[in-house]
Amino acid sequence: MQPAQSQAPLSWFGIARLGLVQSSIGAVVMRASSLLNRIMVVEYATAAALPAGLVAFHYAVQLSRPKWGHGSDQGWRRTPWIIGGMAVLGLGGVLATQATTMLDGALAPALALAILAYALIGIGVGAAGTSLLALLASRTAEARRPAAASLTWIMMILGIVIAATTVGTLLDPYTPERLRIIAIGLALVAFAITTLAVAGVEGAAMAPEARPAPVSFGEALRGIWGDALTRLFSIFVFVSMLAYSMPDLILEPFAGLVFGMSPGESTRLSGIQHGGVLVGMILVGVGGHAFGGRMGLRLKKWVVGGCLASAVALAGLAMAARVGPEWPLVPTVVLLGFANGVFAVAAIGSMLELAGRGGPGHEGIRMGLWGAAPAMAFGLGGFAGAGLVDLGRSVLGADAPAFELVFAGEALLFLLAAAIAVQLNDRQTSDTLKPTGGLA
């Protein structure tokens, strides 16, 4: 049997097929984290802390990502983990919906079912998403990795948009029965798309006699954490994604409190930001692929540039809080979205490049470690941003100065992330363990 690593790299069609899996993951998670959030708060009049806590819990469960990645490493197959993870994710989404519709009755059983459901969502995302990225890392040609990262994440966003539009249309007029039917249908469609998308893509596993000796999870984790470049990259991912996620819950309140925007206007502002994210992602996909090797413009420069531009945009928002409605808010938000898209996809592409350090059989646990870092960051970031604004408003007695300080702090986090990215390049240049394409 031929080793998987000697097979031909994934074609663009193969990469796009794996992007469909990202679309399916994004669609199911969107309904659990966004739609059910709104229904719990509005239709069932629960405290907003309940859905927020459940979403944070599903991120906490994703700290298990290195374990799922190690499992796919040791089995030398990613496909069963992707399909199995999607099955668990779909089941979690259905149970989360059932728990939501039970909130008009006794709270205890509804809450118990919701905790189980969001644990399954976290496990499913961790198992399917980590193994998917490991498969992309091991089977994508180096020159195609920037574009592959861009394509798969754009498809995830498109999946979220399509699912949100379709579910929103089918859900009116709202009834609990209609919501449950939609949840089951979405889970089945996502599972079917995933199964068809990954069928035959991975190819043959490495022959047993050619495989390295199996290692325990603890030994493997200690080994990759002992690699200075891997450790530094993990820190970069956490810091940058913390800065990325902190504005999520405060941008629209900022627009309303400081700029007097209506709910509709602030929602459109959020849409404009995500449009900028898409443009940034496309730029890295096209530019990173076109100029990544021949002209020396590698992903490290996209990562650093995206972090620096994000810092500038957040500094602009801090100035907007000081100046008020005269500040050009929309261009500043567009810049923030664009810069975020550039750095995020470049960082993901860098993950794909660095995942193969140490040879085949370690991609899963590395991608798991780098998936756990943003899960922790996203779990903390939204709460940290909102909490610091609330604290600032209480201490300072005014809205604008509180937002100004928080946005300025987020800009400093992006500057720190850029400095770490520069150190990553220096570390890789001097690394004698195993040269890779990485962030050079």
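Source: prediction; values computed, not measured.
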*Asks:* Please check this pair: side chain of S23 against backbone of M155, looking for a donor-acceptor N/O pair closer than 3.5 Å.
*Replies:* yes
*Asks:* Does the side chain of T101 come within less than 4.5 Å of Y44's, by heavy atoms?
*Replies:* yes
*Asks:* Heavy atoms only: give me the nearest C307-A417 pair and the separation to one decimal.
*Replies:* SG-CB, 4.0 Å
*Asks:* Has the side chain of S72 got a donor or acceptor atom that lies under 3.5 Å from a matching backbone atom of G69?
*Replies:* yes
*Asks:* Which value, rounded to the nearest 0.5 Å, describes the distance between Y244 atom OH and L413 atom CG?
*Replies:* 15.5 Å
*Asks:* So, S138 side chain and L135 main chain: donor-acceptor pair closer than 3.5 Å or not?
*Replies:* yes
*Asks:* Give a yes or no answer on whether the side chain of S131 reaches the backbone of A128 with a donor-acceptor pair at less than 3.5 Å.
*Replies:* no
*Asks:* Does the S245 side chain pair with the main chain of L242, one donor and one acceptor, at a distance under 3.5 Å?
*Replies:* yes
*Asks:* Are the side chains of M86 and I193 in touch, meaning some heavy atoms are under 4.5 Å apart?
*Replies:* no
*Asks:* Determine whether L170 and V167 make a side-chain contact, defined as any pair of heavy atoms from C-beta on separated by less than 4.5 Å.
*Replies:* no
*Asks:* Quick one, F233 with W370, criterion ring-ring contact (aromatic ring centres under 6.0 Å, His included). Give me CA distance, side-chain angles, the key distance, then yes/no.
*Replies:* CA-CA 8 Å; F233 189 74; W370 296 332; 4.8 Å; yes
*Asks:* Which heavy atom in V237 sits nearest to a heavy atom in A373, and how many Å separate them?
*Replies:* CG1-CB, 3.9 Å
*Asks:* Would you say that V303 contacts S350 through its side chain, given a criterion of any heavy-atom pair below 4.5 Å between the two side chains?
*Replies:* yes
*Asks:* Could you tell me which non-hydrogen atom of A87 sits nearest to which non-hydrogen atom of F191, and how far apart they are?
*Replies:* CB-CE1, 3.8 Å
*Asks:* Below 4.5 Å, heavy atoms only, C-beta onward: do P51 and Y118 meet side chain to side chain?
*Replies:* no
*Asks:* Taking all non-hydrogen atoms of both residues into account, name the closest pair between L50 and L111 and its distance.
*Replies:* CD1-CD1, 3.7 Å
*Asks:* Start with the C-alpha gap between Q22 and L132, add the side-chain angles, then the distance that decides, and say whether side-chain contact (heavy atoms from CB on, under 4.5 Å) holds.
*Replies:* CA-CA 8 Å; Q22 282 282 43; L132 175 70; 3.4 Å; yes
*Asks:* Report the distance from atom CG of L171 to atom CD1 of I182, rounding to the nearest 0.5 Å.
*Replies:* 4.5 Å
*Asks:* Are any side-chain N or O atoms of T175 and backbone N or O atoms of R178, one a donor and one an acceptor, separated by less than 3.5 Å?
*Replies:* yes
*Asks:* Would L229 and Q423 satisfy side-chain contact (heavy atoms from CB on, under 4.5 Å), going step by step from the backbone distance to the final call?
*Replies:* CA-CA 9 Å; L229 181 60; Q423 290 299 312; over 6 Å; no
*Asks:* Could you check if a side-chain atom of M261 sits within less than 4.5 angstrom of a side-chain atom of F254, using non-hydrogen atoms only?
*Replies:* no
*Asks:* Identify the two heavy atoms, one from A313 and one from T332, that lie closest to each other, and give their separation to 0.1 Å.
*Replies:* O-CG2, 3.4 Å
*Asks:* Working to the nearest 0.5 angstrom, can you tell me the gap between M156 CE and S24 OG?
*Replies:* 12.0 Å
*Asks:* Main chain of Q98, side chain of R180: is a donor-acceptor contact present, judged purely on distance under 3.5 Å?
*Replies:* no
*Asks:* Could you tell me whether the side chain of T100 and the main chain of M40 form a donor-acceptor pair under 3.5 Å?
*Replies:* no
*Asks:* In the structure I gave you, are the side-chain heavy atoms of V312 and L308 within less than 4.5 Å of one another anywhere?
*Replies:* no
*Asks:* Would the distance check show the side chain of R31 and the main-chain N or O of G93 forming a donor-acceptor pair, the cut-off being under 3.5 Å?
*Replies:* yes
*Asks:* Output the distance between atom NE2 (H70) and atom CZ (R366), rounded to the nearest 0.5 Å.
*Replies:* 12.0 Å
*Asks:* Stepwise, does the side-chain contact (heavy atoms from CB on, under 4.5 Å) test hold for L18 with L10?
*Replies:* CA-CA 10 Å; L18 295 183; L10 287 174; 3.7 Å; yes
*Asks:* Supply the atom-to-atom distance L283 CG to L278 CG, rounded to the nearest 0.5 angstrom.
*Replies:* 12.5 Å
*Asks:* Would you please test E202 and R139 for salt bridge (Lys or Arg N to Asp or Glu O under 4.0 Å) and show each step?
*Replies:* CA-CA 8 Å; E202 185 173 10; R139 291 291 312 282; over 6 Å; no
*Asks:* Given side chains that start at C-beta, do those of V198 and R17 come closer than 4.5 Å, heavy atoms only?
*Replies:* no
*Asks:* CD1/I123 to CG/L89 distance, rounded to the nearest 0.5 angstrom?
*Replies:* 11.0 Å
*Asks:* Give the minimum heavy-atom separation between P374 and M241, together with the two atoms involved.
*Replies:* CB-CG, 3.7 Å
*Asks:* Tell me whether H58 contacts the main-chain N or O of V55 through its side chain, where contact means a donor paired with an acceptor under 3.5 Å.
*Replies:* yes
*Asks:* List the steps and the verdict of side-chain contact (heavy atoms from CB on, under 4.5 Å) for W12 and R144.
*Replies:* CA-CA 9 Å; W12 288 117; R144 290 181 174 178; 3.6 Å; yes
